[in-house]
2 protein chains.
Amino acid sequence: MTQDTPAPTGLMPWELPRFRNWIAVARAHQIVERTLNARLAPHGVRIAHHDILANIYRFAGLTQNELAQRLLVGRSNLSMLLPELEKRGLIERRSDAADKRVRRLWLTEAGRALTEQTLAVQAGVVTDMMTILSDAECQALGDYMRRITAGMAQWAEPDRV
Amino acid sequence: MTQDTPAPTGLMPWELPRFRNWIAVARAHQIVERTLNARLAPHGVRIAHHDILANIYRFAGLTQNELAQRLLVGRSNLSMLLPELEKRGLIERRSDAADKRVRRLWLTEAGRALTEQTLAVQAGVVTDMMTILSDAECQALGDYMRRITAGMAQWAEPDRV
DNA sequence: CATAATTAGTTCAATCTTGAACAAATCACA
DNA sequence: TGTGATTTGTTCAAGATTGAACTAATTATG
């Protein structure tokens, strides 16, 4: 019953190699995100939480604004999420002595422990899925994507609020 | 002020090549999605809408359920979105004569015209960003991602509702 | 055939995410 | 200094997304 609409004139977008190949990226990413979310759920954490925790784990003492830029989300998003993580005793927000506007972020002991678990989950998902690529292929993949990201950066899209 | 937490024992996850390289994929994808959304906005459409329209464009007459599986979203999601697109006169939902549960999806003339525009926008974003890769690299990228997707498929994550 | 199991789609309430408007603190610089 | 521009974080309301529960239609099976 379902039928492809015949190409009116030239190639349809999904027939263009660059298009097709990017769609493959989007699909794989979507599936991995869903998988990660599912495996994170038993730990009482969503990807958004994990991303926050992992960044504080790695860059202890960063500000909310730095975190927002790093995650490519709006500051308001963090203003909604961080109090929740704070209430759960996973993070602390200490205001900066030098600049009273700023709130710097730190993990509690419990937060650090949880983050180590969720990082392990994420690493598990990623290595599971990437085993299908050889080391060289995996490296090439990373190089391609970093070049694309760098290229887009010049292209300069609207800043997050 | 911000400081890396020193590795307690072995490598931290973000130092593992496979992990690092996948993060690059996630980042690039995130940036491209944002760019696409921004460029779609002037057409009064978000990615979610465009994805729906583009799939109906390509697979005219598919059912809501088929569409949901294709987009990897829940059926309820479409039950919220489709009436909106219908009200805007972009799509039609005709119930199937053979199976009265099913509603098949078709584009109106206006919907087809809009979809051709948004497909062009998407193709523009994708080719813009992919020009930094050679044809061969682009092809390799697609191959890698399709292999990953196929690998995950066996791995069989929880079905959408 | 009758009844149970399955499937397609909807509704609803709970969450998530976002941008605009805002307050406070800092900075630029005349 | 003083005044205007910028930056940081928050609030709030609107929109988007999700899963669970539900109805109606179809299929499987005894």
Side-chain angles (χ1 to χ4, degrees), chain A residues 1-2 30 33-38 40-42 44-52 56 61-88 91-105 157-161, chain B residues 1-2 30 33-38 40-42 44-52 56 61-88 91-105 157-161:
Chain A
M1 177 63 78
T2 292
Q30 190 181 10
E33 291 283 272
R34 288 194 174 281
T35 304
L36 178 56
N37 239 334
L40 243 25
V45 160
R46 288 174 302 112
I47 288 183
H49 300 139
H50 163 73
D51 281 345
I52 290 173
I56 304 179
L62 87 176
T63 69
Q64 293 193 188
N65 196 41
E66 289 166 347
L67 180 57
Q69 288 178 235
R70 194 167 278 284
L71 297 176
L72 299 179
V73 301
R75 294 194 304 273
S76 67
N77 193 350
L78 296 184
S79 281
M80 307 291 275
L81 258 25
L82 292 178
E84 185 188 330
L85 295 177
E86 201 173 22
K87 250 170 239 142
R88 289 172 61 182
I91 67 171
E92 283 178 27
R93 298 198 280 177
R94 310 197 195 126
S95 49
D96 188 304
D99 184 341
K100 289 177 202 159
R101 295 170 302 179
V102 168
R103 307 184 78 170
R104 296 189 173 278
L105 306 171
E157 274 306 316
D159 283 5
R160 298 272 76 220
V161 180
Chain B
M1 179 63 79
T2 290
Q30 190 181 9
E33 291 283 271
R34 288 193 175 281
T35 304
L36 178 56
N37 238 334
L40 243 25
V45 160
R46 286 174 304 111
I47 288 182
H49 300 140
H50 162 73
D51 281 346
I52 290 172
I56 305 178
L62 86 176
T63 69
Q64 294 192 186
N65 197 39
E66 289 166 345
L67 180 58
Q69 288 178 234
R70 194 168 279 284
L71 297 177
L72 300 178
V73 301
R75 295 195 302 274
S76 68
N77 193 351
L78 295 183
S79 281
M80 306 292 275
L81 259 25
L82 293 177
E84 184 188 332
L85 296 176
E86 200 173 25
K87 250 170 242 145
R88 288 172 62 180
I91 67 170
E92 283 178 26
R93 298 198 281 177
R94 310 197 197 126
S95 49
D96 188 304
D99 185 341
K100 289 177 202 160
R101 293 170 303 178
V102 168
R103 308 184 79 169
R104 294 189 176 277
L105 305 171
E157 274 306 315
D159 284 4
R160 298 273 75 219
V161 179

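Note that the coordinates shown come from a computational prediction; the quantities given were computed from them, not determined experimentally. Lettering of chains follows the sequences in order, A, B, ..., and the numbering in each one begins at 1.
Remark: of the listed residues B/N77, B/L105, B/L81, B/I47, B/L81 is the sole one forming a side-chain contact (heavy atoms from CB on, under 4.5 Å) with B/I52. When the options A/R103, A/Q69, A/R93, A/R101 are evaluated for a side-chain hydrogen bond (donor to acceptor under 3.5 Å, both in side chains) with A/Q64, the one that passes is A/R93. No option in B/L67, B/L71, B/I56 other than B/L71 meets the side-chain contact (heavy atoms from CB on, under 4.5 Å) test with B/D51.
As a whole-Å value, the separation of A/L71 CG from C/dT17 C1' is 14 Å. Straight-line distance from the CG atom of B/N37 to the C1' atom of C/dT18: 11 Å, rounded to whole Å. Rounded to an integer number of Å, the gap from B/L81 CG to C/dG9 C1' is 15 Å. The CZ-C1' distance, from A/R75 to C/dT17, rounds to 16 Å in whole Å. Between the CZ atom of A/R46 and the P atom of D/dT17 there is a distance of 14 Å, given to the nearest Å. Between the CD1 atom of B/I47 and the C1' atom of C/dT17 there is a distance of 14 Å, given to the nearest Å. Regarding B/R104, its CZ atom lies at a distance of 14 Å from the C1' atom of C/dG9, rounded to whole Å. In this entry the distance linking CG of A/N77 with P of D/dT11 reads 14 Å, nearest Å.
Here the side chain of A/V102 is nearest to one of D/dT17, D/dT8, D/dT10, namely D/dT8.
Mapping B/R103 and A/K100 onto DNA chain C by nearest heavy atom places B/R103 closer to the 5' end of the strand. For the pair A/M80 and B/H49, both in contact range of DNA chain D, the more 5′-proximal nearest nucleotide belongs to A/M80. Ranked by how close their nearest DNA chain D nucleotide is to the 5' end, B/S76 and B/E84 are led by B/E84.
Contact annotation: side chain of B/S79 to base of C/dG9, donor-acceptor pair absent below 3.5 Å. The base of C/dT26 has none of its N or O atoms less than 3.5 Å from a complementary donor or acceptor on the side chain of A/R101.
Side-chain contact between B/E92 and B/R104: absent, with no pair of heavy atoms (C-beta onward) separated by less than 4.5 Å.
Among all heavy-atom pairs drawn from B/L72 and A/R34, the shortest one is O-NH2, 3.0 Å.
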